[in-house]
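Just so we're on the same page: letters track the sequence lines, and every chain starts at 1. Computed from a prediction, not measured in an experiment: that's the story for all the values here.
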Number of protein chains: 2
Amino acid sequence: MADTSGKPDSGSLPAPDGEPDPLAILPGYTLRRAANAMMAELGTLLSEVDLRVSEASILLLIDGRDTMTSSQIGTALDIRSANMAPLIGRLVTRGLVERVPLDGKSMAIILTPDGEATLHEVRRITQTFEQDLLQRIPAEHRDHFVPALNALWR
Amino acid sequence: MADTSGKPDSGSLPAPDGEPDPLAILPGYTLRRAANAMMAELGTLLSEVDLRVSEASILLLIDGRDTMTSSQIGTALDIRSANMAPLIGRLVTRGLVERVPLDGKSMAIILTPDGEATLHEVRRITQTFEQDLLQRIPAEHRDHFVPALNALWR
DNA sequence: TGTATTTGACTATCTTCGATACGAATAAGA
DNA sequence: TCTTATTCGTATCGAAGATAGTCAAATACA
């Protein structure tokens, strides 16, 4: 930082400020950087309720549904059933959801009262987060954001 | 952000076809899904040259520069130095880059001839990928995509 | 009805990515 | 010289995602 640093900084070295990241014009690269930055931020916010992004997503998804199985949740969120098991397991251990037998093979994953209370906090956190995210996007681009993203995976 | 006044949403029926993901209107969620989908796709494409996305990014970044240290690369790509070490190590092992002493402490990471040849393949792959990505976005949203994303992290 | 296939939940294990914590060597400053 | 900074690197951890495969229940069908 200090201009007296021993860094050679010879004439051939591009100035740190004058040389923009040449990758920043690549849509895929900016998509990755933006998603990483936003998910890191959301993760920090959600640490307040000791939940990870994927866990919070599950709570948001199953709210108001009482017959969603773990495999249906996995299909909706694109999480393999092998990865759903420990995910649901942790939520069960924490008393946020419970498994209710549907037919002897399938289990419905439903919110407990504690889960509903936590979900309330999750909604508060995510709504603030989503609002802030949109606010950072210049107004003229804002309405194009979600439709453009949805075209990439839906 | 939920549009409570919008569509009746078919009531309580969890119809397999008619039940859209209620999270799909959340900007942060769509950002994550789109980025995951795109990076998985790019990863598949780059497996042709046996490189991961982060490794290809490094090659693209250091091309034409001969005094970039591993810490400068890490700063540019937002990769911790602890994670840079094995990343560079693998590229060195594969003969794509080499470490050149700058001043006895710092090492410049530069492309080898093999690295330049591989970079040529990487450019071909990523250019096709980036073009395809943009093509998937409806034309009226396309020009807003990169500016909106850049507002989130730059 | 009886057999075969599919499905749902789960375990174990592997890979990638990112983050800390720490150690060694060099450079810079008191 | 001694101390502090920085740089590079190690070891290790955690989250997320993927494969392979077990087991039992549900379903399809001859």
Please write out the pairs of protein N or O atoms and N or O atoms of nucleotides 14-16 of chain D separated by less than 3.5 Å, giving the distance to one decimal.
{"residue": "D:dA15", "atom": "OP1", "partner": "A:Arg52", "partner atom": "NE", "Å": "3.3"}
{"residue": "D:dA15", "atom": "OP1", "partner": "A:Arg52", "partner atom": "NH2", "Å": "3.4"}

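Every residue two or more places apart in sequence or in another chain that forms a side chain to side chain contact (heavy atoms under 4.5 Å, CB included) with B:Gln135 is listed here: B:Arg142. Residues forming a side chain to side chain contact (heavy atoms under 4.5 Å, CB included) with A:Val53 (at least two apart in sequence, or on another chain): A:Met39, A:Leu42, A:Leu46, A:Ser57, B:Arg32. Residues that satisfy the side chain to side chain donor-acceptor pair (under 3.5 Å) test with B:Gln127, not counting sequence neighbours, are absent from this structure. For the side chain to side chain donor-acceptor pair (under 3.5 Å) test, residues two or more places apart in sequence or in another chain that qualify with A:His144 are B:His141, B:His144. Applying the side chain to side chain contact (heavy atoms under 4.5 Å, CB included) rule to B:Ala76 yields the partners B:Leu61; only residues at least two apart in sequence or on another chain are considered. For B:Ala40, there are no side chain to side chain contact (heavy atoms under 4.5 Å, CB included) partners, not counting sequence neighbours.
Regarding B:Leu46, its CG atom lies at a distance of 15 Å from the C1' atom of C:dC17, rounded to whole Å. B:Ile73 places its CD1 atom 15 Å from the C1' atom of D:dG9, with the value rounded to the nearest Å. Between the CE atom of B:Met68 and the P atom of D:dC8 there is a distance of 12 Å, given to the nearest Å. Regarding B:Leu42, its CG atom lies at a distance of 17 Å from the P atom of D:dG17, rounded to whole Å. Rounded to an integer number of Å, the gap from B:Met38 CE to D:dG17 C1' is 17 Å. The distance between atom CE of B:Met39 and atom P of C:dC17, rounded to the nearest whole Å, is 11 Å. In this structure, the CG atom of B:Leu102 is 15 Å from the P atom of C:dT26, given to the nearest Å.
Annotated as anti: D:dA15, whose glycosidic dihedral deviates from 0 by more than 90°.
When hydrophobic clusters are built by joining Ile, Leu, Val, Met, Phe, Trp and Tyr residues whose side-chain heavy atoms come closer than 4.5 Å, directly or via intermediates, B:Ile62 is grouped together with B:Leu60.
Nucleotide C:dT20: paired with D:dA11 (Watson-Crick or G-U wobble, both distances less than 3.5 Å). For C:dT26, there is no paired base (Watson-Crick or G-U wobble, both distances below 3.5 Å).
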If you look only at distance, which donor and acceptor atoms sit under 3.5 Å apart when one is on a side chain in residues 92-100 of chain B and the other is two or more places apart or in another chain?
{"residue": "B:Thr93", "atom": "OG1", "partner": "B:Gly89", "partner atom": "O", "Å": "2.9"}
{"residue": "B:Arg94", "atom": "NH1", "partner": "B:Asp50", "partner atom": "O", "Å": "2.4"}
{"residue": "B:Arg94", "atom": "NH2", "partner": "B:Val49", "partner atom": "O", "Å": "3.3"}

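The 12-atom threshold is not exceeded at CG of B:Asp143, counting heavy atoms of other residues, nucleotides or ligands nearer than 6.0 Å.
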- Reading 5' to 3' through nucleotides 3-12 of chain C, protein heavy-atom contacts under 4.0 Å coded B for base, S for sugar-phosphate only, - for none: ----BSSBBB
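Of the side-chain N and O atoms in B:Arg80, none sit less than 4.0 angstrom from OP1 or OP2 of C:dG18.
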